[in-house]
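Data block below; observations after.
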Amino acid sequence: MNMDLSALPKNFTWGAATSAYQIEGATQTDGRGVSIWDTFAMQPGKTIRGESGAVACDHYNRYEQDLDMMKSMGLQAYRFSVAWPRIQPSGRGAANEKGLGFYDKLVDGLLERGIDPHLTLYHWDLPQSLQDLGGWLNRDTAFAFADYAEIVARRLGDRVKTIATHNEPWCTAYLGFGNGQFAPGLKDPALVPQVAHHLLLSHGLAMSKMRAVNSQAQLGIVLNQCSVYTSSDTPENRAEAALQWANFVQLYMHPLFKQAYPEVKGFVPPSNIEAGDMALIGQKMDFLGVNYYTRIWCSKEGVPEPAPYGRTDMDWIICPEGLTKLLVDIHKEYSPLPPIYITENGVAYPDKAAGNDVADPKRIEFMKLHFEAVAKAATQGVDVRGFFYWSLMDNYEWNSGYDKRFGIVHVDYATQQRRLKDSAKWYRDFIADQSQSAVQTETADEAIIA
Ligand code: FCB
């Protein structure tokens, strides 16, 4: 397939993403505190085969090698998260120097190799001590988070290009408190809006503290979003689609960009809002991160969801045009938005190594389709600046354990050997090609000016 990416800006950033708990391992090293995922994974039946991130990709000990691998692929940027329990083992108080030191080395290692660091502060590994006090149900957690954000911004903000407060607050709120699939594993849908509000408040408080530190970093948040489709344009389907959109997208986008919660039939707004909260939450951001994997299908008449591109190993429907639709829809509803990064998009397949090779042609196809979907959104006026494939390497996929392989790099968990899949080699050549044409356009532009 030939891609038309001509609508993307010429300095568009191509990268890959990971998160701390999914790759680092070394959960008891250098003073790291216990996180809610350590606790959750130990409870029987919560994760597949009881798997946890205790070892994961052992990235904490192998980061130099992983940095070299990123460099060999020509990645322009790398999105990673900081483990809060490494920085403040109990979620409060003085910083743990060894924890900060790890990220210091990681950031310097990226910069030495010409890779832009994009940091996420919270990718779900809350210190257990804060959970013991109610976690995100407790308003105090939002203030603790802002202190943690300040520590990180002070230490790394001079070198990190972007800092996102949260990764996917929908997952933290809904999967963590609504249906119990993720840590801390509570199952009460009524808690979801309350948790969402505290997460958003913590974002706002952290933004203010980090701005005051005056770091160089651009600040924002990362939301997982789905476009919503209906099988037919009936009033019932329309109402269902509006409710899904409200719970998935507007619950977060409205307060962030309109300083108010949505008013939609059936939607339950938070009841724990205090004076001043909405202005804090809705303060200006420098970028918005969008994670996109699939769409939402609404059909009151029970029409099965079509899957022209098939399903992934997670059983998620592949829907590249849904990414274009999503970006155009939020652009229309929330304009003017800050610049957007696609901070995650990727696919799990049961990849197998044969010698040193891992053939994953379907992943390459998936990437091309989604790259083009982003470019199509750009033709409709959406300001997209970069794309991070999820994930750099196979890793611990939360309650699905190690079975689901999202990486462009294959990880053999028995030996920790990394192997570039065909998709990684394809991405490497693709990025090289993109950089070359960016240089050529620049030279041509200069020639015209001269
Ligand atoms: C996203 C998460 C990421 C990973 C992918 C598959 O929801 O942010 O950690 O699990 O899904």
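Just so you know, ligand 1 is whichever comes first in the structure, and atom 1 is the first atom listed for that ligand.
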- Query: Side chain, backbone, both or neither: which part of His123 comes within less than 4.0 Å of ligand 1 when only heavy atoms are counted?
  - Reply: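 For His123, the contact with ligand 1 is made by the side chain alone.
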
- Starting from atom 5 (C) of ligand 1, find the nearest protein heavy-atom neighbour and note its residue, name and distance.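 Residue, atom and distance for the closest contact: Tyr293 OH, 3.3 Å.
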
- Tell me which protein heavy atom sits closest to atom 2 (C) of ligand 1, plus the residue, atom name and distance to 0.1 Å.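 Closest protein heavy atom to atom 2 (C) of ligand 1: Glu344 OE1, 3.3 Å.
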
- Query: Does the pair Glu150/Lys209 count as a salt bridge with the N-to-O cut at 4.0 Å?
  - Reply: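 Between Lys209 and Glu150 there is a salt bridge, with a charged N closer than 4.0 Å to a carboxylate O.
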
- Message: Strictly below 4.0 Å, N to O, side chains only: are Arg419 and Asp357 in salt-bridge contact?
- Response: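 Salt bridge flag = no for Asp357 with Arg419.
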
- Could a heavy atom of Asn224 be found less than 4.0 Å from some atom of ligand 1?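 Per 4.0 Å heavy-atom rule, Asn224 does not contact ligand 1.
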
- Message: Under a 3.5 Å cutoff, is there a donor and acceptor pairing between the side chains of Gln128 and Thr39?
- Response: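 Per modelled atom types, Gln128 and Thr39 side chains form a pair under 3.5 Å.
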
- Item | Option set Lys404, Glu397, Glu168, criterion heavy-atom distance to atom 4 (C) of ligand 1, minimum |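 That would be Glu397.
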
- Please state whether the rings of Tyr334 and Phe257 are parallel, tilted or perpendicular, taking 30° and 60° as the class boundaries.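 Tilted.
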
In ligand 1, which numbered atoms sit nearer than 4.0 Å to a non-hydrogen atom of [X]?
X: Phe406; value: 6 (C)
X: Trp124; value: 2 (C), 7 (O), 8 (O)
X: Asn167; value: 8 (O)

- Check for a donor-acceptor pair, side chain of Ser423 on one end and backbone N or O of Asp360 on the other, with a separation under 3.5 Å.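 No, because the side chain of Ser423 does not come within donor-acceptor range (under 3.5 Å) of the backbone of Asp360.
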
- For ligand 1, find out whether one of its N or O atoms is nearer than 3.5 Å to an N or O atom of Trp398.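 So ligand 1 has an N or O lying under 3.5 Å from an N or O of Trp398.
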
- Item | Polar proximity ligand 1 side, Gln22 side, N/O cut 3.5 Å exclusive |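 It does: an N or O of Gln22 is found under 3.5 Å from an N or O of ligand 1.
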
- Message: I want to check a possible cation-pi pair here: Arg385 against Tyr341, using under 6.0 Å from ring centre and within 45° of the ring axis as the test.
- Response: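 No.
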
- Please determine if Arg32 forms a cation-pi arrangement with Phe102, meaning its NZ or CZ atom is less than 6.0 Å from the six-membered ring centre and no more than 45° off the ring axis.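 No; the conditions do not both hold, so Arg32 does not lie above the ring face of Phe102.
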
